[in-house]
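Only one structure is covered here, and it is reproduced in the block below.
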Protein chains: 4
Amino acid sequence: MDNTQKLIELFKEFPGIGPRQAKRFVYFLLTRKNGYANELAKLIASIRSEVYSCESCYRFFQKDNTENTHCPICRNEHRDKETLMLVSHDVDFENIEKTKLYNGYYFILGGTIPILEKNPEYKIRQKELIAVLQTKIQSGLKEIIIALNYNPEGENTLSYLQHILEPITAPAKIKLSTLGRGLSTGTELEYSDTDTIKNALKNRQ
Amino acid sequence: MDNTQKLIELFKEFPGIGPRQAKRFVYFLLTRKNGYANELAKLIASIRSEVYSCESCYRFFQKDNTENTHCPICRNEHRDKETLMLVSHDVDFENIEKTKLYNGYYFILGGTIPILEKNPEYKIRQKELIAVLQTKIQSGLKEIIIALNYNPEGENTLSYLQHILEPITAPAKIKLSTLGRGLSTGTELEYSDTDTIKNALKNRQ
Amino acid sequence: MDNTQKLIELFKEFPGIGPRQAKRFVYFLLTRKNGYANELAKLIASIRSEVYSCESCYRFFQKDNTENTHCPICRNEHRDKETLMLVSHDVDFENIEKTKLYNGYYFILGGTIPILEKNPEYKIRQKELIAVLQTKIQSGLKEIIIALNYNPEGENTLSYLQHILEPITAPAKIKLSTLGRGLSTGTELEYSDTDTIKNALKNRQ
Amino acid sequence: MDNTQKLIELFKEFPGIGPRQAKRFVYFLLTRKNGYANELAKLIASIRSEVYSCESCYRFFQKDNTENTHCPICRNEHRDKETLMLVSHDVDFENIEKTKLYNGYYFILGGTIPILEKNPEYKIRQKELIAVLQTKIQSGLKEIIIALNYNPEGENTLSYLQHILEPITAPAKIKLSTLGRGLSTGTELEYSDTDTIKNALKNRQ
């Protein structure tokens, strides 16, 4: 297999990229000036060494010239120590920060648990979560918000988390909450599924 | 304009039907056996005379040989007299009944109020609603659930209803509630808008 | 089953209409003024008696007060007697007339032949076609253009027609032609299937 | 702007990639093993130096350890010297080779000519094409097939090419042909535009 083919294979592993687009990427690189390809290569090679995974929430953050091993949010003393939010991926964290509504801390699970998964404990950062919880409890944690997608895999991950967290949160009187359900922007009753309407009714205000 | 053309024009007024499909309907009728077209015509001509608009909730229901002017639900003494749900259309009512979660009564507004509408009172059954409320209050109404689409026109209709209902409900200590908001089936945090996430956070449980 | 339900069932038979839209049609009729429903019913009941199926090409045409049993096109002496075009449906005929490029006569097959169909002769107007051909041949027919969709069912119908027509056309030295194949408006080579490119190459000019 | 941001910006220039997917690419790289990112970087940096643009047809091909400056196809003596096909991009060439129907040579124009373009000669490899044609004519070229997308920009490029090539091909009695037009796979007459039907009629066989 020649290198062009090898590169196509690597691009095919990119999220949401099929064989045709992978090939277009290669042609795109071939037609762009050398400077572009070289800077791209340099950044790809260096990016991981320049990005830390926060030792407390495990999200990625840009290293600065200090020796910080915790991300700016985890270092921020002014956030609410009483709430911790569990999300699957960094992008979820970003979307929630955008709302400017949440002022607590985060923990990035790093994945979700497929239905019928044999080894759920390896699909998310379970050990790390348990460890982090100990410290958080010391510093007055009162609520854990489990913020996952509302789809089968998210539901499965949710019940697994509730199952492993209850033994820790119950004695410590920590509330385990999940995101509210109901109508989301654009929902029309005529086209909604029964679950959504049920949730909207139960959670009416 | 010949009758074929006239018929196409009438079909074009059907919800969601464009010129091409309207024409296909006509060809469809021409190729079907006469019996089909005749029965269709008979039913279309008779349907309105056989269907009542309930004098209490205003939804359509099939006349029976009794003189009932109220639909089976409004006649049902075993439903919960303390709650009344306001919906825009009959189809919304049907979807909510499907959930088997709601046991109160309904009122069909018959429409929604477009943004910047000059005469909102003519876009929904306002007079009829006010009248119905008087009787409902007599019989112990405690909550009005406003169940509308979560889109700009639904939002506009909601605030208009809150505005006209408060003077009636406040003194009578009737709760005005709306459907809960948050994640609906299938929602993924990565692709959700800020409003949906905000609602999901506020309404977490 | 009450009449509302019956009407929904009839609308569900309309081309491209599912249960949900069928129900919306009924609600639409219930909310429209009586005049609308009555005129619609009148036209639906009368349309077939006012429309002839042409005795020569079998397409539908509006009856006029004459006793014409042939459509305006078949009556038009100035069209080209040497070519006859076979199409599946009236809508295909209309689209071809729009091009103003064809000046011969037509024959509406009234359908297509599904793959593996046991009784192809009943799926199209085969008897009628054979009969019409006799007269057309008398009046100097030189070419039959088979104009069908380029999809599996169209292809199947095409080869069936070639099979039954050859015995008639060959001795009479009548050319059997089909619509040209190649790039259609908007086709991009990068996204084209192999067949389309093959046809475009073979038929290059 | 930190390097993560810089990398997102570079990915945003990839064909068909928006800000959201660009970001997902970066997270994808951060979560993959280092080996992956390093090999990707290595290939991206080296790919251009390992790929030649053929001096005859200008398509990209993998360098081998020989000093070949012509691609395998242009070096292949057994292909048909009488036909040359002009295409916009390497991907078009690949799709046409897939058909195994064409055995002549190619020339990659490297682009298309936007409508109202001021300097068309810079949008395609015009100089190179003229030069290549001289040699091809020496070796018995009899036909040039212009194989472009059937869309406005492709049409515009086609007429420009015909305009600049005629002075060369006419005296040399070289045929200038274009890809055939008509129904492409899946075309249904009911939904076809007039141009496609016109072409299908003109090019009937």
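Only a predicted model underlies this, so the values are computations on that prediction, with no experimental measurement involved. Basis for what follows: all heavy atoms, side chains included, without hydrogens, waters or symmetry-related copies. In what follows, chains carry the letters A, B, and so on, assigned in the order in which the sequence lines appear, proteins first and then strands, with residues in each chain numbered from 1.
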Practice item. Name the option with the most non-hydrogen atom pairs under 4.5 Å to chain B; the candidates are Arg24(C), Gln5(C), Arg20(C), Glu50(C). Key: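 The answer is Glu50(C).
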Practice item. Count the heavy-atom pairs under 4.5 Å between each of Leu30(C), Ile47(C), Asp2(C) and chain B, then report the option with the highest count. Key: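 Between Leu30(C), Ile47(C), Asp2(C), the count favours Leu30(C).
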Nearest atoms (heavy-atom pairs only) where [X] meets [Y]:
{"X": "Ala45(C)", "Y": "Asn38(B)", "answer": "O-OD1, 4.1 Å"}
{"X": "Asn3(B)", "Y": "Gln62(C)", "answer": "N-NE2, 3.7 Å"}
{"X": "Gln21(B)", "Y": "Ile17(C)", "answer": "NE2-CD1, 3.6 Å"}
{"X": "Lys23(B)", "Y": "Val91(C)", "answer": "CD-CG1, 4.3 Å"}
{"X": "Leu43(B)", "Y": "Lys6(C)", "answer": "CD1-CB, 3.9 Å"}
{"X": "Pro15(C)", "Y": "Phe25(B)", "answer": "O-CE2, 3.6 Å"}

Check your understanding: Looking at NZ of Lys42(C) and CG of Leu10(B), how far apart are the two atoms once the value is rounded to the nearest 0.5 Å?
Key ->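 Separation between the atoms: 9.0 Å.
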Point to revise | Residues which pass ring-ring contact (aromatic ring centres under 6.0 Å, His included) with Tyr102(B), listed by chain and number, not counting sequence neighbours | key: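 Result, ring-ring contact (aromatic ring centres under 6.0 Å, His included) vs Tyr102(B): Tyr106(B).
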Point to revise | Within 6.0 angstrom of Lys123(B) NZ, more than 12 heavy atoms from elsewhere | key: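 Counting neighbours around NZ of Lys123(B), 12 or fewer heavy atoms of other residues, nucleotides or ligands fall under 6.0 Å, so no.
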Review point. Does CD1 in Ile115(C) sit with more than 12 non-hydrogen atoms of other residues, nucleotides or ligands closer than 6.0 Å?
Key: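 Enclosed: over 12 neighbouring heavy atoms sit under 6.0 Å from CD1 of Ile115(C).
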Point to revise | Intermediate values then yes/no, side chain to side chain contact (heavy atoms under 4.5 Å, CB included), Ile44(B) and Phe11(C) | key: CA-CA 11 Å; Ile44(B) 288 175; Phe11(C) 278 135; 4.1 Å; yes
**Study point:** Atom group of Phe14(C) that falls short of 4.5 Å from chain B, counting heavy atoms
**Key:**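 For Phe14(C), the contact with chain B is made by backbone and side chain together.
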Check your understanding: Considering only heavy atoms, which portion of Glu94(C) lies under 4.5 Å from any heavy atom of chain B: side chain, backbone, both, or neither?
Key ->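 The side chain, not the backbone.
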Practice item. Would you please test Arg48(B) and Leu29(C) for side chain to side chain contact (heavy atoms under 4.5 Å, CB included) and show each step? Key: CA-CA 8 Å; Arg48(B) 290 194 53 180; Leu29(C) 290 173; 5.7 Å; no
**Study point:** Step-by-step side chain to side chain contact (heavy atoms under 4.5 Å, CB included) determination, Leu40(C) to Leu7(B)
**Key:** CA-CA 7 Å; Leu40(C) 181 66; Leu7(B) 187 50; 3.7 Å; yes
Check your understanding: Would a distance-only check, ignoring hydrogens and angles, find a side-chain to backbone donor-acceptor pair under 3.5 Å from Tyr27(B) to Phe60(C)?
Key ->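 Checked: no pair found.
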